[in-house]
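I have placed the structure first, in the form of structure tokens, so that the comments after it can refer back to it.
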Amino acid sequence: MKLDIGCGRNKRAGFIGIDFVAGDGVDIVHDLTVFPWPIETNASDEIVMSDVIEHLPNTVATFNELHRIARRGCRVEITYPYWRSFGCYSDPTHIHYFNENLIEYFMRPGTSAKNENRYSYYTKNYWKFISRELITYPFLRCLPDKMLSFLSRHFLDVVHGVRLIITPDKSN
């Protein structure tokens, strides 16, 4: 099963769409703040969640629920607005603002060189990092992520969003 969580009217082809508002492309209508979601445990081989996580009030519970429904080896792609982008603050329904280090808080302690990883005690449902892309203007895409990160701390709207690719750590 492939899931497009919070698909709205833009469900990816070949995916089952879940959203809280009925509409074209929405196969399952469900409030994503209510757990558990109406998806079987270990049911999904691929999950996409584009511009959704910043709207949900409980980030830890959301990551736990994603972990529950994802099979071992499931590819999970989460895209969200970058905390220093104009789009992040223009939407009045955004509850949270994240930078590129969000996933560090959900990885098994000691599996990352980042300092944030020492705070990964919020859950025992850990994730493995595959990749991260900082989404920016086409003319800045040639810059390495470290440079984009540096520039975004000094200038607004250098980085527009973050795309994470992760997989559940189900080694317990």
Side-chain angles (χ1 to χ4, degrees), residues 1-8 12 15-20 27-85 87-89 91 93-135 145-146 149 152-153 159-172:
M1 174 190 297
K2 294 178 172 183
L3 288 171
D4 189 338
I5 298 174
C7 63
R12 289 195 189 182
F15 283 70
I16 294 171
I18 180 171
D19 208 312
F20 78 103
D27 301 298
I28 302 168
V29 177
H30 182 76
D31 181 349
L32 295 173
T33 65
V34 176
F35 303 102
W37 297 340
I39 306 293
E40 295 293 321
T41 299
N42 296 320
S44 190
D45 298 307
E46 188 172 354
I47 298 170
V48 293
M49 192 174 198
S50 183
D51 294 321
V52 176
I53 196 133
E54 68 276 9
H55 296 272
L56 302 176
N58 192 331
T59 305
V60 174
T62 300
F63 269 89
N64 284 340
E65 189 64 3
L66 287 168
H67 195 277
R68 181 187 71 77
I69 65 175
R71 285 188 179 145
R72 181 186 305 263
C74 178
R75 180 187 184 277
V76 179
E77 177 182 313
I78 301 173
T79 306
Y80 53 89
Y82 190 68
W83 74 282
R84 298 264 305 158
S85 69
C88 187
Y89 293 97
D91 187 332
T93 65
H94 287 179
I95 297 170
H96 298 288
Y97 308 99
F98 302 113
N99 67 14
E100 65 271 26
N101 297 317
L102 168 64
I103 193 56
E104 300 291 330
Y105 292 84
F106 299 96
M107 292 169 58
R108 189 175 298 281
T111 59
S112 171
K114 298 269 187 204
N115 286 332
E116 289 85 353
N117 188 247
R118 69 177 181 249
Y119 300 114
S120 58
Y121 49 74
Y122 298 112
T123 183
K124 297 293 184 210
N125 294 318
Y126 298 119
W127 292 87
K128 292 179 182 177
F129 174 81
I130 297 174
S131 69
R132 171 179 31 235
E133 175 191 359
L134 299 181
I135 302 164
D145 280 0
K146 284 187 178 189
S149 220
S152 71
R153 284 189 206 92
V159 175
H160 307 300
V162 178
R163 180 174 296 113
L164 288 175
I165 309 293
I166 57 178
T167 190
D169 181 348
K170 296 201 176 196
S171 58
N172 292 7

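Starting from 1, each residue takes its place in the sequence as its number. Computed from a predicted structure; not experimentally measured.
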N42 and K170: side-chain contact (heavy atoms from CB on, under 4.5 Å), yes or no, with the steps? CA-CA 10 Å; N42 296 320; K170 296 201 176 196; 2.5 Å; yes
Would E77 and E46 count as a side-chain contact (heavy atoms from CB on, under 4.5 Å) if you check the C-alpha gap in whole Å, the side-chain angles of each, and the deciding distance to 0.1 Å? CA-CA 8 Å; E77 177 182 313; E46 188 172 354; 5.8 Å; no
Run the side-chain contact (heavy atoms from CB on, under 4.5 Å) test on W127 and L66 for me, step by step, so that the C-alpha distance in whole Å, both residues' side-chain angles and the decisive distance to 0.1 Å come before the verdict. CA-CA 10 Å; W127 292 87; L66 287 168; 3.8 Å; yes
Tell me, with the steps shown, if I16 and M1 meet side-chain contact (heavy atoms from CB on, under 4.5 Å). CA-CA 8 Å; I16 294 171; M1 174 190 297; 3.8 Å; yes
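Shown here for H30 and P36, the closest heavy-atom pair between the two residues is NE2-O, 3.9 Å. Closest approach of R68 to I39, counting heavy atoms only: NH2-O, 2.9 Å. When all heavy atoms are compared, the tightest approach of P81 to D51 is CD-OD1, 3.6 Å. Contact between C7 and D19 at its shortest, heavy atoms only, is N-OD2, 3.5 Å. Of all heavy-atom pairs spanning T33 and P57, the tightest one is CG2-CD, 3.4 Å. Minimum interatomic distance between Y82 and S85 (heavy atoms only, all atoms of both residues): O-OG, 2.8 Å.
Annotation: side chain of V159 is not in contact with side chain of W83 (no heavy-atom distance under 4.5 Å). Contact annotation: the side chain of L56 never approaches that of I95 to less than 4.5 Å [non-hydrogen atoms, C-beta and beyond]. When side chains are defined from C-beta on, I5 counts as touching W37, because their heavy atoms get closer than 4.5 Å. Side-chain contact between C74 and I69 is absent, with no heavy-atom pair separated by less than 4.5 Å. Counting heavy atoms from C-beta outward, P109 and Y126 have side chains that approach closer than 4.5 Å. Using a 4.5 Å cut-off on side-chain heavy atoms (C-beta onward), D91 and E54 make no contact. Taking 4.5 Å as the limit, every side-chain heavy atom of D145 sits out of range of all side-chain heavy atoms of E100. Contact of the V162 side chain with the R132 side chain is registered, since non-hydrogen atoms from C-beta on lie closer than 4.5 Å.
For Y80, the ring pair (Phe, Tyr, Trp, His ring centres under 6.0 Å) partners are F98, not counting sequence neighbours. Considering only residues two or more places apart in sequence or on other chains, V60 meets the side chain to side chain contact (heavy atoms under 4.5 Å, CB included) condition with N58, N64, F106, Y122, T123. Legend: residues meeting ring pair (Phe, Tyr, Trp, His ring centres under 6.0 Å) with F15, ordered by chain and number and at least two apart, are absent. When the side chain to side chain contact (heavy atoms under 4.5 Å, CB included) test is applied to D45, the partners found at least two apart in sequence or on another chain are R71. Applying the side chain to side chain contact (heavy atoms under 4.5 Å, CB included) rule to F20 yields no partners; only residues at least two apart in sequence or on another chain are considered. The side chain to side chain contact (heavy atoms under 4.5 Å, CB included) test applied to I135 returns T79, E133, R163, not counting sequence neighbours.
Separating the OG1 atom in T59 from the NE2 atom in H96 is a distance of 3.5 Å, to the nearest 0.5 Å. In this structure, CD on E65 lies 7.5 Å from OG1 on T41, to the nearest 0.5 angstrom. With rounding to the nearest 0.5 Å, the separation of CZ in F129 from CD1 in I165 is 9.5 Å. Going from atom CG of L164 over to atom OG of S131 covers 8.0 Å, rounded to the nearest 0.5 Å.
With hydrogens and angles left out, the side-chain atoms of T93 and H55 include a donor and acceptor closer than 3.5 Å.
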